[in-house]
Amino acid sequence: MDYKKHIAEKLIVEGVSQEEIYSSIALPPNTEMGDYALPCFKFAKVMRKSPVMIAESLASTFVCDEHISDVSAINGYLNFKVNKLGLADRVLKSVLEQGEKYGSSTMGNGKTVCIDYSSVNIAKPFHIGHLSTTVLGGALYKLFKYLGYNTVGINHLGDYGTQFGKLICAYKRWGNKEEVEQGGIHAINELYVRFNNEATEEMEVEAREYFRLIESGDKEANEIFEWFKSLTLKYVQKIYDKLGVTFDSYAGERFYTDKMQPVIDELKEKNLLVESDGAQIVDLEPYGMAPCLILRSDGASLYATRDLAAALYRKNTYDFDKCLYVVAYQQNLHFKQFFKVLELMGKPWAKDMVHVAYGMVSLEDGAMSTRKGKVVWLEDVINKCVEKAHSVINEKNPNLENKEDIAEKVGVGAVIFGALYNNKIKDITFSYDKVLNFEGETGVYVQYTCARANSVIQKGGIPESYAIPQLSVAETEVIKALADFPSVLKDAAEKYEPCLISRFAVDLAQKFNKFYFDCKILTAEDGVKQFRLALTAATLQTLKNALGILGIKAPDKM
Ligand code: ARG
């Protein structure tokens with residue numbers, strides 16, 4: 001139930017649109033005054049009346065109903081009270097009946113959203129910098145699916161470029177098969193770092209030749225390249241499994257090798273290509289941007305060329321309604337440029353391209369440096385978090401069964417939640433202690449709350465029927481939070497902000513814990529006890545649904 005919408009529909013303010021009323025309705029600072037409030041000073045100008053008079057006249061004509069039980073005008077505000085018993089009844093029914101579908105919707109109505117995320121670079125380290133794109137994209141993927149969209153997860157592999165020539169050159173010189181097979185991506189990365197440290201002019205020439213060989217389809221060069229690629233993918237797959245993210249397509253940059261020429265032709269045809277110092281560019285000066293490079297002077301294509309080809313391919317293949325790119329803000333200019341080029345090409349869908357930009361993640365001790373092979377591998381961060389979770393559990397609850405499994409869920413959950421708790425654009429500093437704090441605004445705190453609710457349900461069961469008693473403030477707060485879940489999801493999808501879901505989960509967990517400590521559940525008198533058990537079960541379900549969208553599992557016990 002969207003109360004704001006319901007109220008807005010019932011209010012007629014001359015000269016003010018329903019949307020405007022809707023967006024003006026807020027939560028009053030003090031819940032004693034009401035559950036929703038409409039400040040009327042905003043309408044004083046259009047209505048040529050004082051806010052106090054407006055509020056009074058609106059209050060006198062507003063007709064209460066089964067949803068809104070009371071309306072009053074106080075100091076230029078219109079305050080509404082929600083019919084709590086009706087709300088509690090409806091919300092509990094919806095959550096318990098819909099179960100793991102509670103919060104889902106059909107708003108997507110089969111429309112397609114492509115999500116380009118994680119997009120790992122072959123033979124390069126998968127480091128902590130890839131955490132955000134992987135878990136943000138993974139959460140958006142699940143969220144859009146939950147809201148009835150047809151989602152296409154795309155891992156736009158970084159598998160094109162001269163570095164692969166360098167790698168083959170280094171492998172030929174210093175590598176050996178068993179070592180690379182054994183060491184996988186780490187061994188490959190070492191070869192690459194060694195090349196960058198030790199390469200002579202002669203080796204650089206050789207590397208260019210190897211790159212040309214890959215391009216021209218040489219069997220041996222391609223075999224080595226494909227081998228590196230499969231080792232990289234095997235490695236990242238383990239991490240994707242841990243983080244619970246999936247992809248529908250691994251069409252990377254190489255995939256577009258033969259799909260760039262048509263784009264270049266189209267650009268030419270539309271008179272958009274300009275020569276500049278031998279290179280082919282699209283001039284974006286009129287739009288206040290540096291030119292978009294399409295072909296280098298040696299004829300080689302660029303990152304943007306492949307992204308243009310990929311965009312056209314995605315539109316043709318998936319006919320998307322939106323195409324999202326979950327990529328760090330360092331690439332802001334690239335996306336602005338390439339979206340602009342699509343617009344200049346006359347693609348009406350250029351407006352459906354969205355760069356979902358996010359900030360940097362660094363470690364507390366500042367150990368993040370990609371130069372010369374000094375990197376923090378994401379796998380190590382996850383493993384360390386799982387290990388730490390294990391020791392925290394050992395300390396808190398040494399007799400717990402399945403500690404390994406629980407530590408895995410807690411550790412991985414802490415990493416994901418830590419990355420998804422802030423506005424995505426903010427730079428964050430990752431701290432093991434912070435993300436594993438049982439009392440903080442963390443995934444662990446939410447998981448712990450789930451375990452607590454679960455233990456109550458294990459003892460009391462989920463009642464077949466219950467009546468709604470007179471509600472305490474703590475109970476009402478939980479009910480209201482539960483009722484908000486569907487609109488939180490909608491909002492998170494519209495803003496591409498999974499943090500709205502993680503913040504919701506913490507808020508609901510806090511409200512539930514207040515209820516848990518304020519009100520007896522298992523020892524409450526009959527009648528009230530059934531309702532409180534139902535409320536506990538509904539909270540557990542909703543927390544699990546929220547965590548699930550973020551890719552986090554809730555252990556039954558902790
Ligand atoms: N592999 C790129 C990088 O690590 C990200 C690719 C993002 N997706 C895209 N279509 N450009 O920077």
Side-chain angles (χ1 to χ4, degrees), residues 113-138 140-141 151-164 167 185 188-189 192 225 228-229 232-233 235-236 239-240 245 247-257 259-260 263 292-294 301-318 320 322-342 347 349-350 352-361 368-371 373 375-379 419 424 496:
V113 180
C114 288
I115 311 179
D116 177 323
Y117 69 106
S118 197
S119 298
V120 16
N121 298 321
I122 298 303
K124 286 224 190 119
F126 195 56
H127 57 73
I128 187 165
H130 297 110
L131 172 61
S132 297
T133 173
T134 307
V135 298
L136 260 173
L140 290 175
Y141 182 81
T151 44
V152 186
I154 304 171
N155 200 323
H156 185 74
L157 303 179
D159 54 2
Y160 191 101
T162 46
Q163 76 268 26
F164 297 103
L167 261 177
I185 191 160
I188 302 175
N189 184 240
Y192 186 60
F225 169 75
F228 288 169
K229 178 165 160 179
T232 308
L233 290 182
Y235 171 83
V236 290
I239 299 174
Y240 291 152
V245 300
F247 299 91
D248 303 292
S249 161
Y250 284 85
E253 295 190 40
R254 269 198 93 65
F255 178 76
Y256 299 100
T257 305
K259 296 173 184 62
M260 288 184 278
V263 180
C292 183
L293 239 70
I294 304 294
S301 63
L302 288 113
Y303 184 50
T305 327
R306 292 184 286 281
D307 254 333
L308 284 168
L312 287 154
Y313 176 84
R314 288 176 195 174
K315 186 64 192 173
N316 282 335
T317 311
Y318 306 113
F320 57 74
K322 286 252 179 284
C323 184
L324 315 184
Y325 295 82
V326 187
V327 184
Y329 65 61
Q330 280 88 344
Q331 294 191 30
N332 275 355
L333 178 62
H334 165 73
F335 285 101
K336 265 190 156 157
Q337 289 174 318
F338 121 68
F339 294 170
K340 192 69 186 178
V341 173
L342 288 173
K347 307 292 174 198
W349 44 270
D352 305 324
M353 313 292 282
V354 185
H355 175 202
V356 180
Y358 60 82
M360 290 232 309
V361 182
M368 175 67 197
S369 154
T370 34
R371 280 204 333 269
V375 281
V376 180
W377 295 74
L378 180 54
E379 185 189 29
K424 59 186 182 293
Y496 312 113

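Order of appearance sets the numbers: ligands from 1, and atoms from 1 within every ligand.
- In this structure, a donor-acceptor pair under 3.5 Å is absent between the side chains of E253 and Y303.
- Of the N or O atoms in D307, one or more lie within a sub-3.5 Å distance of an N or O in ligand 1.
- K315 forms no cation-pi arrangement with Y318, by the criterion of a distance under 6.0 Å to the ring centre and an angle within 45° of the ring axis.
- Within the 4.0 Å heavy-atom criterion, neither part of V120 lies near ligand 1.
- Put simply, the side chain of S301 reaches to within 4.5 Å of the side chain of Y160, judged on heavy atoms.
- K229 and D159 are joined by a salt bridge, as a carboxylate oxygen and a charged side-chain nitrogen come within less than 4.0 angstrom of each other.
- Crowding of K336 atom NZ: a count of heavy atoms from other residues, nucleotides or ligands under 6.0 Å not exceeding 12.
- To the nearest 0.5 Å, the span separating NE2 on H355 from OH on Y496 amounts to 12.5 Å.
- Here is the list of ligand 1 atoms found below 4.0 Å of a heavy atom in Q331: 3 (C), 12 (O).
- The residue from Y325, Y303, F338, F126 that puts a heavy atom closest to atom 6 (C) of ligand 1 is Y303.
- Between D116 and ligand 1, at least one pair of N/O atoms sits closer than 3.5 Å.
- Here the protein heavy atom with the shortest distance to atom 1 (N) of ligand 1 is N121 OD1, 2.8 Å.
- Of all atoms in ligand 1, numbered sequentially from 1 with element shown, those under 4.0 Å from a heavy atom of V327 are 7 (C).
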